[in-house]
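Below is one structure; the comments refer to it alone.
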Amino acid sequence: MYNILLIEDDTALNKAISVYFKKEKFHVLSCFSGQEALDTFSQNNSDLIILDINLPDLSGFDLIEQIKIMNLNIPILILSACDLDSDILHGFNLGAEDYVTKPFTPLELLARVNSQLRRYRRFMERLEDKN
């Protein structure tokens, strides 16, 4: 079972994503602000992060920078209504592995999460083989 850290301040959307992924056998830790996400991330093992850019206390971009300092290899998928090329490129330049714009379909989000988790698992296996 994979652990997903979901950072989305829209309560209804957070709950809907969480319920969907739990039905797909994921363990979901839901956060509604950047600071809550940082606290949760530092205290729990996450395999992947789904995060919104527009959060009430921290920008999702700032959050990516802080998370990547703690764990450079954690896959981050941005889920945002910000659909400008500059926002998307900025997210990738900060280290996000994927960017999904709202509105989205749950099936596409699930497919992208599974794709990132496969890459992450292979990467971690290779890292362990080298040690």
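Along the sequence shown, residues carry numbers from 1.
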- Identify whether the distance between the nearest side-chain nitrogen and carboxylate oxygen of D83 and K102 falls below 4.0 Å. no
- Is it true that I64 and I69 fall in one hydrophobic cluster, defined by side-chain heavy atoms closer than 4.5 Å? no
- Query: Who are the salt bridge (Lys or Arg N to Asp or Glu O under 4.0 Å) partners of E36, not counting sequence neighbours?
  - Reply: none
- Item | Minimal non-hydrogen separation, M70 against S42, with atom names | SD-CB, 4.4 Å
- Closest heavy-atom pair and its distance - Y99, C82: OH-O, 2.6 Å
- Query: Between D47 (side chain) and L117 (backbone), is there a donor-acceptor pair under 3.5 Å?
  - Reply: no
- Message: Does any part of the side chain of Q116, heavy atoms only, come nearer than 4.5 Å to the side chain of D98, both counted from C-beta?
- Response: yes
- Message: Which heavy atom of L5 sits nearest to which heavy atom of A37, and what is that distance?
- Response: CD2-O, 4.0 Å
- Message: When you compare the side chains of S30 and N14, does any donor N or O come within less than 3.5 Å of an acceptor on the partner?
- Response: yes
- Task: Provide the closest heavy-atom pair for T40 versus C31 in the form atom of the first, atom of the second, distance.
- Result: OG1-SG, 3.4 Å
- Walk me through it: do I50 and I7 pass the test side-chain contact (heavy atoms from CB on, under 4.5 Å)? CA-CA 6 Å; I50 300 173; I7 309 157; over 6 Å; no
- Are L51 and Y120 connected in the hydrophobic side-chain network, where two residues link if heavy atoms are under 4.5 Å apart? no
- Message: With clusters defined by side-chain heavy atoms of hydrophobic residues (ILVMFWY) lying less than 4.5 Å apart, directly or transitively, does L13 cluster with L77?
- Response: yes
- Message: Is there a side-chain contact (heavy atoms from CB on, under 4.5 Å) between I78 and I53? Walk through the geometry before answering.
- Response: CA-CA 7 Å; I78 296 171; I53 295 301; 3.7 Å; yes
- Task: Mark yes when over 12 heavy atoms from residues, nucleotides or ligands other than N73 sit less than 6.0 Å from its CG; otherwise mark no.
- Result: yes
- Task: Please test L6 against V28 for side-chain contact (heavy atoms from CB on, under 4.5 Å), starting from the C-alpha separation and ending with a verdict.
- Result: CA-CA 7 Å; L6 173 61; V28 180; 4.0 Å; yes
- Note on the structure: d(S86 OG, I88 CD1) to nearest 0.5 Å is 8.5 Å
- Note on the structure: Here the gap from Y2 atom OH to N114 atom CG, rounded to the nearest 0.5 Å, amounts to 8.5 Å
- Query: Thinking salt bridges, do R112 and E97 make one under a 4.0 Å N-O criterion?
  - Reply: no
- Does the side chain of D9 come within less than 4.5 Å of P56's, by heavy atoms? yes
- Taking the side chain as every heavy atom from C-beta outward, state whether V113 and I4 have any atom pair closer than 4.5 Å. yes
- Out of curiosity, L55 CG to Q35 CD, how far, rounded to the nearest 0.5 Å? 11.5 Å
- Okay, side chain of K68, backbone of L94: is any donor-acceptor separation there less than 3.5 Å? no
- Contacts of D87 that satisfy salt bridge (Lys or Arg N to Asp or Glu O under 4.0 Å) - sequence neighbours left out: none
- Hey, any chance L107 and L109 share a hydrophobic cluster, counting ILVMFWY side chains that come within less than 4.5 Å of each other, even indirectly? yes
- Show the numbers, then the answer: is there a side-chain contact (heavy atoms from CB on, under 4.5 Å) between N3 and F26? CA-CA 6 Å; N3 297 317; F26 288 89; over 6 Å; no
- Message: I'd like to know if the side chain of S46 and the backbone of L48 have a donor-acceptor N/O pair within less than 3.5 Å.
- Response: no
- Task: Mind running ring pair (Phe, Tyr, Trp, His ring centres under 6.0 Å) on F61 and H90 for me, showing each step along the way?
- Result: CA-CA 8 Å; F61 294 131; H90 188 54; 4.5 Å; yes
- When hydrophobic residues are tied together by side-chain contacts of less than 4.5 Å, even through go-betweens, does V19 share a cluster with I17? no
- Rounded distance [0.5 Å steps], CG in L110 versus OH in Y20: 4.5 Å
- Message: If we count only N and O atoms by modelled type, under 3.5 Å, do the side chains of Q43 and D39 hold a donor and an acceptor together?
- Response: no
